[in-house]
Each structure stands twice: as C-alpha cells, then as structure tokens.
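This report refers to the structure that appears directly beneath it.
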Amino acid sequence: MNAIEAINLRKSFGPVAAVDDVSITVQEGEIFGFLGQNGAGKTTTIRMMTGVLTPDTGSVRISGIDLLKYPLEAKQKMGVIPENGTVYSDLTAEQNILWTAKFYGMDKANRERRCDEILARLGLESRRHDLVRFFSKGMRQRISIACAIVHSPPVLFLDEPTTGLDVYSRRLVLDTVRYMNKEGSTVLITTHNIEEANELCSSISIIERGKIIATGSPEKLKKQFDTTRYVEISFDQPVTEELFAALGIARAEPRGDKWRVYTGNTDQAVKQLVAMAAADHLTILSIATSSPTLEEAFVQMTGGAT
Amino acid sequence: MNLRLFVHSVLMVAEKDMRIYYYKGSVVIFGLLFPFIMFLTFFIGRNLDIALFFPSFLGMMLFFSASSTGPLITPWEKREKTYERLVSLPVQIGSIVLGDILAGAVFGMAITTIVWIGGTLLLHLHLVNPLALIPALVLGSITFASLGTLLASPATDTPSNIMMYSNLVRLPLIFVSGIFIPLSQLGSWAWTNELSPLTYLVDLFHAALNGDAVFSPALDAGALLLISCVFILAAKLIQQRNLISGR
C-alpha cells in the first residue's frame, strides 16, 4: 500500500506556477528524499501534502485517506516537522510534547511514557521543565521532532530538518529518522544535503522549477549520469585544459593541484592520460578514478546551478 | 466530517490559547485594565447612580475581555512561526477559529462573572431577571470573542498592528452602545446604537440587572446570535482564503 500518494498537484502564486503537476508516490516503509534547489517548489509541495496549503488542483492521500476530504483523519496519520515552523516558546519542552500527544488523542499514561522515552532519546531529559524560549536552535529542532513523532505516526514529513544544526543535533535528527523508519514510519524528507539523501533514502525525486525532473533510487539516478564518472590526476608540472581537449575529453576542471577529468569510460581515459603523460614527459604524481555521485547527478539534472 | 475529532481539535486549540495567551501583556491591559479605567474615568466625581450604570459597565467589561485574546493569537503565532505547525496538526480552519473563540469567550465570561459577583456583593445590586443574565454572559462572550478572532484574521505577523486596528474598531463602539449614556436617553443619536452589537449586550444586562431594557431580551439574544454567526463565518472564510493564498 502507498503511504503517501500525491497526484497532479498544482499551485500558483499569481502568474508564477510554484508547483506544476507534481505527482509523488511513497511506498509504506520507505525513506523518500525530495531534492531541489532553493525556490524549486519543495516546501510548497510538502505544505500541500501536509494540509498547510490548499492546492489549486490535485489530490493527496495519506495512508489511503484523502487529505482534502478528510483532513482530521488524514492528519492523525502524520507527523510533520515544517521548515518554517517551531514549537511554542512559552511552553516547556515537556508541555509542548504532552500537548501535542493529547492533540493526537493519546491517553495520559501513554503520553507520559512516550514523552519520557523521547526526551531521553533526544538528550533533553534534564531540560524538560525549561521554557523552550531559552533553548538553542538545535534543541528547539529536537523538541519539534519530539512533537512530530510522539504519536508514532505512520507517515513522517520532514522539511529541511537539519539545516543550520550543529553536528551533534544533526546526527541526532538523522538517527531519529532512521529509528522512526525502523519502527514502521514512512518518511518523506526534503533536504539540500545531497549526501544526507544518499545515505538515508531508498527513493528520491528531484524537483526543478515546480516540476519533477527525475525519480528513482539514488543508485539509479547516479547511473543515469554515468558520464559523470571522473579521473582525478596530478602532474609534476602545470598543464592547461587544452591538453585534455586534445584527447577528446569534453570536460576537465582544475581542483587545487589536480585536474578532474569527466568521462563516460574511465578505463579508456586512464590509458589515454598515461600515454599522453609519457609522450609529453610529464610525471604523474597521483591518479584516481571515481564513480558518479548523487551530487553530480543532481547538478547535471538541475542545470548545474546549485 | 468526524464530529468527535473536530470537537477534540477545537478544545485542544482552546487549551493551548488559554495556557499561552491569557498572560500576555496586551490581553491584561486591553482585556482587564482598560475597561476599568474607562469606567472610572467616566464615573468618578460625577455623583452617578452605580446601580444604573453597572449593567453598562458589565457590558463593557465583557466586550473588552472577550475580544482581547482573539486579535493577538493568529498574528502572534505567525510571527513566532508556530502557526504552520498548528495547521499541520489534526485541525481544520474551523477548529482553529472556534478554538480561538472559545478561549476568548471563556476569558470574557470568567472575568465578567467575577466582576458581577464582586459588584453584587459589595454594592448590594439586584438581579431582576436571572434568565436574561445567562444569554448575556454566554452569547455576549461568544459574540465579542468572535469579533476578536475576526479582527485577527487578515494575514499579518505583526500583533501590534492588529491590536491597534482592533482598538480602532472597538473604541468607537463603546460610545454608540449605551455604555455611558443609557439607551433610553440617546435621543436623536438612537439610530446609531442599533448598528452596534454591543448595544444588544448592554441592553440584555439592563434587562437582567435593572429590568430597564429598551428592546426585548429575545430580540437582544437573537441579534447577538445572528451577529456571532456572521463574525464566525467571516473569520473562517478569511482564514480559509489565507490558507489557499499561502499567507
């Protein structure tokens, strides 16, 4: 069964189509990554999928429940960490979590047990009675996550959950996402951090100017851009780009004291480079090959402007 | 719509509002201190009959206290960026509107009841028609809590702007609603009072405490009920529109 099913979502603000015919399907148990540049339409899409924004057209189903027709029932099935949303700074950490748990209809004993469990998991036990207004950004984000997962939602939406966080908080957030997925939650996460998506997600969609331009597993997307394989090579003396152009290599970029040569066939490129170095009396100081990265695939797909 | 879930969401929104917004400075100033100061400014040194003016004072108290929380809540939540999280919880716009109104109404009703009990005990005031007092308290608090929520509905994240705007609407109302001059003595200005919802509340308090109402209690209660419905629907429509336009 599909945990999330967004069909033909459209949203325009004045003459600008922020989201144009976006469809996303997330299977139960998946961690789904939603990537895109700033302003590509990620947040608008996730806001429509969580009932924060009404789409112009299209439909959203959460665990099979139509969000537009039955918003209360559909929202019961989800936990949301909005990009621009935070918890109540006039309440304590514990009050925020307990109030949210009560909102989802949990009984008192269950609320308290789950609150203790989550505060311990997120390392905030000692701050449970402190007002959130005195918390750092990372701690606030952890409380935000605590509120989103307190009812063990079948579907969890996270919009840029690690942006601006320190290493410790970031790691806690990602560990919690993995933990929730292991516990049975389907996760949809938007992120700028390509490697984060590569590590976490089993499927990814890339959005560009309001349209989905690619969907698939990270490995599948990387393979689509096999031309982004490269050879990194350094010589004992400076060389120019013309040297590589003469070998028929279309793209070579200087990287510090090295050159990164992009190619569809690394084996052939290595042989050519070695032959060329011998012919031009250049000493190779280092040479390495690499598989395409998701970041490279993303850069290629979104026109190279990250 | 699942009625049980809807009622639960309304109560949860109201609980949150009560915990957070009852203690905000602007609610205390405009909801409690302001009507007291207005009344004392008018009353002190004029040798007026307190029993005659007490219904008007109660009306003003309920008007200001019930309408003081509403204008603060939504702009405050938008500024603090908690609104988006709230909307993503199991709520509908109707839950948020009714929850905010419920919080304002409970505040207004509680404060006014305390003032009425205190005034009655201290000043030995009468209660001529107890049956008129209940709709006065209940319908009055709902009407003006709805007004407060309606005033907060335009998309803004600046609470001070909405508080200023709401006072611009609220202050003129107290001068055309028989608060300082009894309805029966407004003379050629009498036509203005029928336009103000506060008129019907003050008149209902007059019916309950002094028995000197101008309109029938049924008309006053009906008018308050109708005006409440208009305010609630307007607030819901505006907030629904904000959700569509993304503001």
Side-chain angles (χ1 to χ4, degrees), chain A residues 11-14 18-19 43-44 46-56 62 65 67-92 95-96 98-105 131-133 140 143-144 147-148 150-151 153 157 159, chain B residues 1-27 69 72-74 76-96 98-99 103 155 157 159 236-247:
Chain A
K11 187 74 197 176
S12 296
F13 298 110
V19 171
T43 296
T44 304
I46 211 168
R47 290 175 86 205
M48 287 192 281
M49 289 196 282
T50 54
V52 173
L53 190 63
T54 309
D56 294 340
I62 306 294
I65 302 170
L67 177 69
L68 295 174
K69 279 188 188 156
Y70 307 102
L72 297 176
E73 290 85 346
K75 286 176 176 181
Q76 287 276 351
K77 302 278 181 195
M78 60 166 98
V80 182
I81 298 160
E83 183 194 12
N84 294 318
T86 184
V87 290
Y88 290 98
S89 56
D90 290 311
L91 300 179
T92 66
Q95 284 171 334
N96 266 294
L98 290 176
W99 175 74
T100 309
K102 199 173 169 188
F103 219 123
Y104 286 104
L131 289 176
V132 169
R133 83 162 68 113
R140 277 177 194 234
I143 293 298
S144 184
C147 291
V150 67
H151 59 300
F157 288 95
D159 192 6
Chain B
M1 184 176 65
N2 184 323
L3 193 63
R4 188 187 61 80
L5 283 180
F6 181 74
V7 171
H8 178 72
S9 65
V10 171
L11 295 175
M12 290 310 302
V13 171
E15 181 186 323
K16 175 262 301 172
D17 292 345
M18 289 172 188
R19 281 188 187 199
I20 296 174
Y21 299 103
Y22 279 8
Y23 309 102
K24 294 288 177 204
S26 57
V27 172
T69 52
L72 186 68
I73 299 169
T74 302
W76 187 282
E77 298 229 354
K78 285 187 176 169
R79 191 188 67 181
E80 293 283 298
K81 300 188 188 302
T82 51
Y83 189 75
E84 187 155 335
R85 168 171 289 281
L86 177 66
V87 178
S88 71
L89 290 170
V91 293
Q92 291 177 288
I93 283 300
S95 331
I96 298 176
L98 290 181
D157 58 1
K236 194 187 164 199
L237 277 176
I238 294 170
Q239 294 204 23
Q240 198 87 51
R241 197 194 59 194
N242 293 344
L243 199 66
I244 291 168
S245 62
R247 287 183 290 183

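This structure is a prediction, so every number in the text was calculated from the model and none was measured. Chain naming here is simple, since letters A, B, ... match the order of the sequence lines and numbering starts at 1 in each. Below, each value reflects all heavy atoms present in this structure, side chains not excepted, and no hydrogens, waters or symmetry copies.
Between B:Leu243 and A:Leu53, every side-chain heavy-atom pair lies at or beyond the 4.5 Å cut-off. Counting heavy atoms from C-beta outward, A:Arg47 and B:Glu84 have side chains that approach closer than 4.5 Å. Annotation: side chain of B:Leu5 is not in contact with side chain of A:Tyr70 (no heavy-atom distance under 4.5 Å).
The two residues A:Phe103 and B:His8 have their closest heavy-atom pair at O-NE2, 3.2 Å. The two residues B:Ser245 and A:Phe13 make their nearest non-hydrogen contact at O-CE2, 3.6 Å. Here the shortest heavy-atom pairing between B:Arg85 and A:Pro82 reads NH2-CD, 3.8 Å. Smallest separation of non-hydrogen atoms from B:Ser88 and A:Val52: CB-CG2, 3.9 Å. For the pair B:Ser95 and A:Leu72, the tightest heavy-atom approach, listed with the atom from each and the gap, is OG-CD2, 4.5 Å.
Contact of A:Leu91 with chain B is made through the side chain alone, with heavy-atom distances under 4.5 Å. Interface remark: B:Phe6 contributes backbone and side-chain atoms alike to the contact with chain A (heavy atom separation under 4.5 Å). Residue contact with chain A, scored on non-hydrogen atoms closer than 4.5 Å, involves the side chain of B:Glu77 exclusively. Proximity to chain B is limited to the side chain of A:Lys11, based on heavy atoms less than 4.5 angstrom apart. With a 4.5 angstrom heavy-atom cutoff, A:Thr44 does not touch chain B via any of its atoms.
Among B:Arg19, B:Lys24, B:Lys16, the one residue that satisfies the salt bridge (Lys or Arg N to Asp or Glu O under 4.0 Å) test with A:Asp90 is B:Lys24.
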Should B:Thr82 and A:Thr86 be marked as a side-chain contact (heavy atoms from CB on, under 4.5 Å) after you check the CA-CA gap, both sets of side-chain angles, and the distance that decides it? CA-CA 5 Å; B:Thr82 51; A:Thr86 184; 4.2 Å; yes
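Judged by distance alone, with hydrogens and angles left aside, the side-chain atoms of A:Lys75 form a donor-acceptor pair with the main-chain N or O of B:Val87 at under 3.5 Å.
Under 3.5 Å, the side chains of A:Tyr88 and B:Glu80 contain no donor-acceptor pair of N or O atoms.
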